[in-house]
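Atoms within each ligand, like the ligands themselves, are counted from 1 in listed order. For the single chain, residues carry numbers from 1 onward in sequence order. Everything numeric here is computed off the predicted structure, so don't read it as measured data.
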Amino acid sequence: MIHLLGAGSLGLLWAARLARADKPCRLILRDAAALNAWQTRHQMVGLTDGAQHYELKVPAELATAGELIDLLIVATKAYSAQTALASVAPRLKPGAQILMLQNGLGSQQAARQAYPAQRVLYASVTDGALIASPAQVVWAGKGVNRIGDPAGGAAPSWLVDLNAAAIESQWEPDIEQVLWQKLAINCAINPFTVLYDCPNGEVPLHAGAQLDQLIPELQQLLAVYSARVELDQLETTIRQVINSTAANSSSMRQDVHNGRRTEIDFILGYAVRQARKAGLQLPTLERLHTNLRTRLIALGLPPD
Ligand code: KPL
C-alpha cells in the first residue's frame with residue numbers, strides 16, 4: 001500500500017495514475033473538512049490525460065488514521081513538507097520508505113535528518129499538472145521522475161509499480177547532483193519570470209546582462225556542492241530549458257498569479273545560504289533574491 005501525503009496537483013496526479021493502474025494507494029488529507037469534501041465527491045478523482053478522461057476512486061484518510069505506513073510519498077509544497085510529515089510520523093514503520101517530491105532543496109535534507117529510522121529518497125519531478133476544478137487534475141506535461149537515495153543503496157522494488165502506472169521513473173545513483181542542477185536552472189528562470197511577469201521564453205529578453213552574470217555564479221555554486229560543469233555547458237542547458245518551456249509560466253509565477261506562497265526559500269534562499277556557507281561572493285544571486293523578496297512583499301505574499 002502506498003500512502004500519499006498532499007492533495008495538490010502533483011499528489012492527485014500520482015494518486016490518479018496509481019489508481020488507474022490498480023495499485024493500492026491512499027491519500028492522506030490535511031483535516032476533517034478536506035476529508036468530508038472528498039467523501040462528498042465519493043472519493044473520486046478525475047484525471048485528464050491528453051484526449052482521455054478517467055474518473056478514479058482513491059480512498060482518503062486523515063493523518064491520524066491507524067494503519068502503519070511502509071511507503072509514503074510526500075507531494076506537498078516544500079514549505080509544508082515538515083509539518084505534513086510530522087503529522088504522520090507515529091505511523092511510519094521503522095525502515096519505512098519516504099519519497100520526497102518537492103521542488104528546490106532543503107526540505108529533503110530536513111526530512112532525512114528528522115527520520116533517521118526510515119529510508120528517505122529524493123525525486124526530481126518534471127511532470128506538469130494543474131487542478132482544473134476540485135479533485136480534477138490535468139496532466140499538462142509528461143515528464144520523468146529521477147529517484148535516488150543520497151545514502152546510496154539499491155533501487156526499491158516499487159519503482160516497477162510506478163512505471164507500470166505510467167509514472168515514468170528512473171533510478172538515479174547521484175540524486176543530489178540532479179537536484180542541484182535543477183536548482184541552478186530554477187534560480188536562472190523562476191525569479192525573472194516573477195520580476196518581469198513573463199513566460200519562461202522571455203527571460204533572456206528581460207533579464208539581459210543579469211542572466212549572463214548569474215550563470216557563472218551558479219557555476220561556482222555547483223562546483224562546490226555538485227559537480228564541476230563547464231560554463232558554456234551550463235549556459236546551453238539553461239537556454240535549452242528556457243527554449244523548450246518557452247510558453248510555460250514557471251511554477252513560481254503560477255504561485256504568484258494564484259496568490260499562493262512561493263517556494264523562493266527552497267530555491268533562491270537555499271542557494272544564497274549555501275553560497276554564504278561556502279564563503280562564495282555571488283552578488284547577482286544575492287541581488288536577485290533581495291529583489292524577489294521585495295516584489296513578493298509588495299504583492300502581499302510571504303517573502304520566504
Ligand atoms: O521547473 C521549472 C519551474 O517552473 O519550476 C522550470 C524548469 C522553470 C520550467 O517551468
Side-chain angles (χ1 to χ4, degrees), residues 6 8-11 13-14 74-81 100-108 122-131 137-147 168 170 172 175-207 210-211 214-215 218-219 221-222 226 229 233-272 285 288-289 292 295-296 301-302 304:
S9 55
L10 194 58
L13 179 64
W14 279 60
V74 185
T76 63
K77 290 281 192 183
Y79 49 77
S80 303
M100 305 291 292
L101 304 186
Q102 284 61 39
N103 273 337
L105 278 167
S107 63
Q108 303 89 338
Y122 304 172
S124 157
V125 179
T126 55
D127 275 310
L130 52 97
I131 304 255
V137 65
V138 178
W139 193 0
K142 298 207 172 174
V144 180
N145 301 288
R146 296 167 76 181
I147 297 175
E168 196 185 328
Q170 296 169 0
E172 193 51 65
I175 189 64
E176 283 182 306
Q177 186 171 324
V178 171
L179 288 172
W180 263 105
Q181 303 250 344
K182 188 162 181 265
L183 185 89
I185 293 167
N186 287 142
C187 284
I189 301 177
N190 298 26
F192 294 119
T193 65
V194 172
L195 290 170
Y196 298 107
D197 192 19
C198 68
N200 296 354
E202 287 179 21
V203 164
L205 180 75
H206 297 293
Q210 293 175 85
L211 182 60
L214 181 65
I215 295 174
L218 294 170
Q219 182 204 23
L221 197 56
L222 289 180
S226 171
V229 266
Q233 192 198 325
L234 183 59
E235 176 121 34
T236 305
T237 307
I238 289 171
R239 294 198 188 266
Q240 267 169 1
V241 175
I242 290 175
N243 292 334
S244 64
T245 62
N248 292 12
S249 241
S250 76
S251 54
M252 204 176 260
R253 183 173 180 236
Q254 286 182 47
D255 285 339
V256 168
H257 280 189
N258 290 316
R260 281 194 305 246
R261 182 175 173 186
T262 70
E263 294 178 305
I264 176 177
D265 207 44
F266 297 85
I267 300 176
L268 275 180
Y270 186 83
V272 162
L285 185 75
L288 198 56
H289 185 224
L292 185 60
R295 175 60 56 86
L296 293 174
L301 291 169
D304 58 4

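Considering backbone and side-chain N/O atoms, Asn248 never comes within less than 3.5 Å of an N/O atom of ligand 1. In terms of polar-atom proximity, defined here as any N/O pair under 3.5 Å, Asn200 does make such a contact with ligand 1. Geometrically, ligand 1 and Ser249 share no nitrogen or oxygen pair separated by less than 3.5 Å.
Within ligand 1, counting atoms from 1 as listed, the ones closer than 4.0 Å to a heavy atom of Val241 are 7 (C). Atoms of ligand 1 lying under 4.0 Å from at least one heavy atom of Ser250, given by number and element, are 4 (O), 10 (O). Listed by number with element, the atoms of ligand 1 under 4.0 Å from a non-hydrogen atom of Asn186 are 1 (O), 2 (C), 3 (C), 5 (O), 6 (C), 7 (C), 8 (C).
Here OG of Ser251 is found 10.0 Å from CD1 of Ile189. Values are rounded to the nearest 0.5 Å. Note that the CG atom of Asp265 and the CG atom of Leu105 stand 12.0 Å from one another [nearest 0.5 Å]. One distance of note links CD of Gln102 with CD of Glu263; it measures 8.0 Å at 0.5 Å rounding.
Counting heavy atoms closer than 4.0 Å to ligand 1, residue Asn103 contributes nothing at all. When heavy-atom distances to ligand 1 are checked against a 4.0 Å cut-off, Thr126 has no atom that comes that close, whether in backbone or side chain.
Ranking protein heavy atoms by distance to atom 3 (C) of ligand 1, first place goes to Ser251 OG, 3.4 Å. The protein non-hydrogen atom at the shortest distance from atom 8 (C) of ligand 1 is Asn190 OD1, 3.1 Å.
Each of Asn258, Asp197, Thr193 was compared with Arg253 under the side chain to side chain donor-acceptor pair (under 3.5 Å) criterion, and only Asp197 meets it.
With sequence neighbours excluded, the residues forming a salt bridge (Lys or Arg N to Asp or Glu O under 4.0 Å) with Asp127 are Arg17, listed by chain and number. A search for ring-ring contact (aromatic ring centres under 6.0 Å, His included) contacts involving His257 returns nothing, not counting sequence neighbours.
Two residues are said to be in side-chain contact when any heavy atoms from C-beta on lie closer than 4.5 Å; Ile175 and Gln108 fail this criterion.
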